[in-house]
Amino acid sequence: MRRKSGFTLLAVLILLGVFAYEYVLEEKEQTHIIVEGEKVKRNTNAYFLPTSTTGQIIHHNSYSLSYHEDHEQAEWVAYELKKSHLSSTNFKRPYFEVDKTVKTGAAHWRSYKNSGYDRGHLCPAADRSYSKEAHDETFLTSNISPQDHDFNSGIWNKLEQKVRYWAHKYDGVFVVTGGVLKEKMETIGEDAVSVPNQFYKVLIDNNNGPIKMIAFLIPHNDSDKPLHEFVVPVDEVEKLTGIDFFPELEDELENKLEASSNYKDWSFN
DNA sequence: CTGTAATGC
DNA sequence: GCATTACAG
């Protein structure tokens with residue numbers, strides 16, 4: 001009797017030891033990840049916000065944006081797309097609303113009417129379908145840009161779907177999207193909303209292994225080319241837009257990641 | 001999924 | 001203006 005309980009105690013102790021050892025290993029790995037991006041995981045939404053060239057950053061509940069009054073649209077829209085955000089829910093499309101939080105006055109949706117261009121979401125409705133409130137919030141005029149319908153439903157839609165695929169595969173990504181806004185562009189409607197000649201998307205992933213980035217720069221035309229042909233270094237988008245995308249990253253890491261147009265870490269399957 | 005447009009109240 | 005329906009890439 002005594003001998004048996006001795007064995008039991010020993011077995012329990014060994015098991016405890018194994019669990020403790022594994023726990024320490026796990027802790028070590030997590031710490032390692034956090035060190036790479038400092039406070040990255042603590043407040044991702046604020047941490048990854050790009051700089052604004054206009055000084056008008058607006059925080060909505062489900063995404064943030066920097067509004068460019070001259071072009072009557074956002075220069076960037078940024079949000080975290082978590083794996084848990086992905087939803088097959090199909091909410092009914094509401095009407096677009098003028099974003100009243102834009103102090104200089106956001107574009108009116110009538111400026112897009114009969115313009116020949118789509119009201120193209122920058123933050124896609126499908127990326128905020130985890131609640132009706134979040135979904136409907138994407139239908140603000142500060143979140144749209146004039147897009148050719150074939151482009152919007154073609155190559156751009158393909159990219160948006162790929163982002164959702166990556167959010168699922170990599171347990172979330174942080175997304176920044178916008179049109180490249182330049183001095184002279186075609187405009188539409190009474191508000192003279194600029195029609196960008198290129199659109200970009202910049203992604204950063206710090207949830208799955210080593211931190212990684214990827215940037216896309218796509219001409220405002222539909223294309224049959226594979227998406228990976230539109231990959232550019234983040235530096236190139238920064239040069240075109242004047243936006244600094246991840247200013248809070250430690251400089252050495254930021255410089256290294258933003259100079260690369262290597263996409264081997266991102267699965268295109 | 002991404003959207004526009006016509007119709008009736 | 002809002003709701004419903006039809007249609008297209």
Side-chain angles (χ1 to χ4, degrees), chain A residues 62-63 65 72-74 76-100 105-170 172-173 175-180 186-191 193-201 203 216-230 266-269:
Chain A
S62 62
Y63 61 92
L65 66 95
E72 288 295 359
Q73 65 196 277
W76 54 254
V77 169
Y79 57 98
E80 185 182 13
L81 180 57
K82 297 182 182 179
K83 191 175 180 178
S84 62
H85 287 152
L86 299 170
S87 160
S88 52
T89 319
N90 217 349
F91 293 111
K92 199 180 77 175
R93 290 173 73 95
Y95 285 91
F96 279 94
E97 275 181 38
V98 177
D99 186 346
K100 285 170 187 154
H108 198 284
W109 53 266
R110 282 195 211 94
S111 289
Y112 287 74
K113 186 111 183 157
N114 299 319
S115 69
Y117 289 97
D118 279 8
R119 302 164 175 98
H121 279 84
L122 294 176
C123 173
D127 283 10
R128 305 285 82 170
S129 291
Y130 52 86
S131 77
K132 185 167 187 348
E133 290 67 33
H135 171 266
D136 288 0
E137 196 170 41
T138 68
F139 286 78
L140 292 171
T141 55
S142 52
N143 183 42
I144 57 175
S145 178
Q147 289 182 334
D148 172 77
H149 184 69
D150 290 339
F151 168 83
N152 190 18
S153 62
I155 185 80
W156 191 248
N157 188 22
K158 228 184 250 179
L159 176 56
E160 290 177 338
Q161 292 185 43
K162 190 64 77 181
V163 171
R164 287 190 282 275
Y165 165 75
W166 283 327
H168 180 268
K169 188 180 179 71
Y170 303 136
V173 290
V175 190
V176 186
T177 305
V180 176
E186 177 192 351
T187 63
I188 57 167
E190 282 182 23
D191 293 323
V193 182
S194 296
V195 182
N197 296 308
Q198 299 162 289
F199 287 90
Y200 69 84
K201 225 177 240 297
L203 310 179
F216 295 85
L217 183 66
I218 310 187
H220 192 177
N221 303 295
D222 193 20
S223 171
D224 291 327
K225 289 181 186 169
L227 280 174
H228 63 78
E229 289 194 24
F230 298 101
W266 297 81
S267 168
F268 279 83
N269 292 330

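Remember, predicted model here, so these are calculated numbers, not experimental data. The sequence lines fix the lettering, A, B, ..., with proteins before strands; numbering per chain opens at 1. Side chains included, hydrogens not; waters and symmetry mates left out as well; all remaining heavy atoms used.
In the displayed structure, Lys162(A) atom NZ is contacted under 6.0 Å by more than 12 heavy atoms of other residues, nucleotides or ligands.
Counting all heavy atoms, side chain and backbone alike, Ala107(A) lies closest to Thr141(A) at O-OG1, 2.8 Å. Looking at every heavy atom in both residues, Ser129(A) comes nearest to Phe91(A) through O-CE1, 3.5 Å. Considering every non-hydrogen atom in both Pro196(A) and His220(A), the closest pair reads O-ND1, 2.8 Å. Heavy-atom minimum distance, Pro124(A) versus Tyr79(A): CD-OH, 3.3 Å.
Listed in residue order, the members of residues 119-128 of chain A having a heavy atom less than 4.0 Å from DNA chain B are Arg119(A), Gly120(A), His121(A), Pro124(A), Ala125(A), Ala126(A). Residues from residues 134-158 of chain A lying near DNA chain B, meaning a heavy-atom separation below 4.0 Å, are His149(A), Asn152(A), Ser153(A), Asn157(A) in numerical order.
One can place CG of Asp224(A) at 14 Å from P of dG9(C), the figure rounded to the nearest angstrom. Look at NZ on Lys201(A): it is 12 Å from C1' on dT2(B), rounded to the nearest Å. Here dA8(C) presents its C1' atom at 14 Å from CG of Asp222(A), a figure rounded to the nearest Å. Straight-line distance from the CG atom of Asp118(A) to the C1' atom of dT4(B): 7 Å, rounded to whole Å. In this structure, Tyr117(A) atom OH and dA5(B) atom P are separated by 14 Å, rounded to whole Å. Distance NE2 (His108(A)) to P (dG1(C)): 7 Å, rounded to an integer number of Å. Atom OH of Tyr112(A) is separated from atom C1' of dT2(B) by 15 Å (rounded to the nearest Å).
The aromatic ring centres of Phe96(A) and His108(A) sit 6.0 Å or more apart. For Phe199(A) and Phe216(A), the distance between ring centers is not under 6.0 angstrom. Annotation: Tyr170(A) is in aromatic contact with Trp266(A) [ring centroid separation under 6.0 Å].
For Arg164(A), the salt bridge (charged side-chain N to carboxylate O under 4.0 Å, His left out) criterion is met by Asp127(A), not counting sequence neighbours.
Two residues, Asn114(A) and Gln161(A), neighbour DNA chain B, and the one matched to the more 5' nucleotide by heavy-atom proximity is Gln161(A). Toward the 5' end of DNA chain C, the nearer of the two residues Trp109(A) and Lys92(A), judged by each one's closest nucleotide, is Trp109(A).
For Arg93(A), the listed nucleotide lying nearest its side chain is dT4(B); candidates were dT4(B), dC1(B), dC2(C). Listed nucleotides: dG1(C), dC1(B), dG3(B). Nearest to the side chain of Asn90(A): dC1(B).
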